[in-house]
Amino acid sequence: MRRRYWYAWAIVLFGLWYACTGADLVATHVFHRLAHKNLILHYARVHDVPPERIAAVIYTESRFRADAVSSRGAVGLMQLMPATAAWIAEQEGEPLGDLTTPAENIRRGSWYLHYLYETFPSPVLALAAYNAGRGHVEEWIRVYGWEQTPPQVEDIPFPETREFIRRVMTMEEVYYPEFHVKEPS
């Protein structure tokens with residue numbers, strides 16, 4: 001009988017802890033795990049991209065699986081198309097390495113994120129270009145007149161791309177504390 005009470009109290013205490021602070025901790029470390037933090041921080045500094053944005057793209061694209069390959073042929077953590085990665089390597093003036101290695105994939109993907117955020121006039125368009133391709137976004141800018149008035153997420157024509165943008169923006173908020181909030185000492 002005492003053992004049941006102990007279990008009941010343990011469940012109640014765990015429930016209180018989880019409700020007060022544990023939910024965020026469990027969500028971040030179990031459901032939205034963060035791998036390769038040092039690589040993300042390094043290439044975030046090198047390419048001037050917020051680290052939470054890189055982590056959000058990685059989570060959204062591959063759930064931190066370095067060996068992920070999409071049905072369309074995108075490879076690695078940040079799901080880079082081999083042709084895009086080759087173009088990035090050419091822009092950087094260095095040979096392209098194995099895109100399934102985290103360092104190479106994060107290096108090229110973070111460079112590309114920086115490039116897209118510099119190229120397009122809004123975060124929505126930059127993320128749309130990452131997912132749907134620069135050519136589609138350039139066409140949408142022409143067709144819909146988005147040079148002056150950037151679109152909202154709902155304005156993006158491809159449903160898959162709209163969902164990608166929403167997920168990345170949500171995950172940026174989830175990962176922000178991992179990179180910017182100091183642990184209490």
Side-chain angles (χ1 to χ4, degrees), residues 24 27-37 39-41 43-85 87-88 91 99 102 105-181:
D24 290 337
T28 301
H29 293 289
V30 175
F31 300 112
H32 307 300
R33 69 187 181 96
L34 177 62
H36 312 294
K37 186 173 182 177
L39 283 172
I40 292 169
L41 282 167
Y43 287 112
R45 279 187 225 105
V46 168
H47 296 125
D48 193 29
V49 177
E52 65 273 13
R53 183 167 298 143
I54 296 169
V57 168
I58 293 171
Y59 180 81
T60 303
E61 290 284 33
S62 70
R63 300 295 193 268
F64 287 90
R65 285 190 45 238
D67 62 347
V69 178
S70 77
S71 60
R72 295 187 182 202
V75 178
L77 291 168
M78 298 186 77
Q79 289 292 281
L80 295 169
M81 293 298 289
T84 302
W87 178 81
I88 294 166
Q91 299 304 304
L99 289 175
N105 199 278
I106 294 171
R107 173 186 175 188
R108 304 304 182 174
S110 60
W111 183 95
Y112 193 49
L113 277 175
H114 174 80
Y115 168 81
L116 294 172
Y117 271 79
E118 291 291 314
T119 302
F120 294 103
S122 80
V124 169
L125 289 174
L127 288 172
Y130 193 92
N131 181 261
R134 293 177 311 211
H136 284 113
V137 172
E138 288 165 354
E139 179 185 340
W140 298 338
I141 289 171
R142 274 192 317 279
V143 169
Y144 299 114
W146 290 339
E147 298 93 350
Q148 306 304 320
T149 308
Q152 298 298 311
V153 175
E154 297 76 29
D155 299 328
I156 299 299
F158 293 176
E160 177 187 328
T161 301
R162 283 194 303 268
E163 187 58 29
F164 171 81
I165 295 166
R166 283 189 194 108
R167 284 185 179 164
V168 169
M169 290 179 160
T170 298
M171 294 311 297
E172 279 190 54
E173 292 176 23
V174 169
Y175 287 121
Y176 184 87
E178 286 286 331
F179 296 103
H180 301 287
V181 176

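On a predicted model such as this, the values are computed, not experimentally measured, just so you know.
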Within 45° cone and under 6.0 Å: R63 NZ/CZ vs Y59 ring: yes
Indicate the atoms forming the closest heavy-atom contact of W140 with A128, along with that distance. CZ3-CB, 4.1 Å
Closest non-hydrogen contact found for P50 with A44 is C-CB, 4.4 Å
Among pairs that include at least one residue of residues 128-141, which meet salt bridge (charged side-chain N to carboxylate O under 4.0 Å, His left out), considering only residues two or more places apart or in two chains? none
Residues H47 and S110: closest non-hydrogen pair is ND1-OG, 2.8 Å
Quick one: does E61's side chain get under 4.5 Å of L80's, heavy atoms only? no
Considering all heavy atoms, the nearest P157-R162 contact: O-NH1, 3.5 Å
May I ask you to check if K37 and Y175 form a cation-pi contact, with NZ or CZ under 6.0 angstrom from the six-membered ring centre and within 45° of the axis? no
Find the distance between NE2 (H114) and CD1 (I88) and round it off to the nearest 0.5 Å. 12.5 Å
Would a 4.5 Å heavy-atom cut-off, applied to side chains only, mark L127 and M169 as touching? yes
What residue pairs, at least two apart or across chains, pass side-chain hydrogen bond (donor to acceptor under 3.5 Å, both in side chains) with a residue in residues 68-85? none
CD (E154) with more than 12 external heavy atoms under 6.0 Å: yes
Got a sec, which residues hit side-chain hydrogen bond (donor to acceptor under 3.5 Å, both in side chains) with T161, two or more places apart in sequence or on another chain? N131
Spatial distance of atom CG (L77) from atom CD1 (I54) [nearest 0.5 Å]: 11.5 Å
Non-hydrogen side-chain atoms of L113 and Y130 separated by less than 4.5 Å: yes
Name all residues meeting the side chain to side chain contact (heavy atoms under 4.5 Å, CB included) criterion together with D155; count only those two or more places apart in sequence or in a different chain, and write none if there are none. W146, P151, Q152
Heavy atoms only: give me the nearest F179-I40 pair and the separation to one decimal. CZ-CG2, 3.9 Å
State which residues pass salt bridge (charged side-chain N to carboxylate O under 4.0 Å, His left out) with R65; sequence neighbours excluded, sorted by chain then number. D67
Not counting sequence neighbours, which residues clear side chain to side chain contact (heavy atoms under 4.5 Å, CB included) with A126? List them please. L116, Y117
Salt bridge (charged side-chain N to carboxylate O under 4.0 Å, His left out) partners for E52, two or more places apart: none
Looking at residues at least two apart in the chain, or sitting in another chain, which of them share a ring pair (Phe, Tyr, Trp, His ring centres under 6.0 Å) with Y176? H180
At their closest point, which heavy atom of P177 faces which heavy atom of V174, and how far apart are they? CD-O, 3.3 Å
Using the side chain to side chain contact (heavy atoms under 4.5 Å, CB included) criterion, which residues pair with T60? Sequence neighbours excluded. F164, R167, V168, M171
Supply the atom-to-atom distance I58 CD1 to I106 CD1, rounded to the nearest 0.5 angstrom. 4.0 Å
Output all residues satisfying side chain to side chain contact (heavy atoms under 4.5 Å, CB included) with P82, sequence neighbours left out; order by chain, then residue number. V75
Y115: partners by ring pair (Phe, Tyr, Trp, His ring centres under 6.0 Å), with sequence neighbours left out: W87, W111
Point-to-point distance, once rounded to the nearest 0.5 Å, from CD of E160 to CD1 of I165: 11.0 Å
If the condition is salt bridge (charged side-chain N to carboxylate O under 4.0 Å, His left out), which residues does R108 pass it with, not counting sequence neighbours? E92, E104
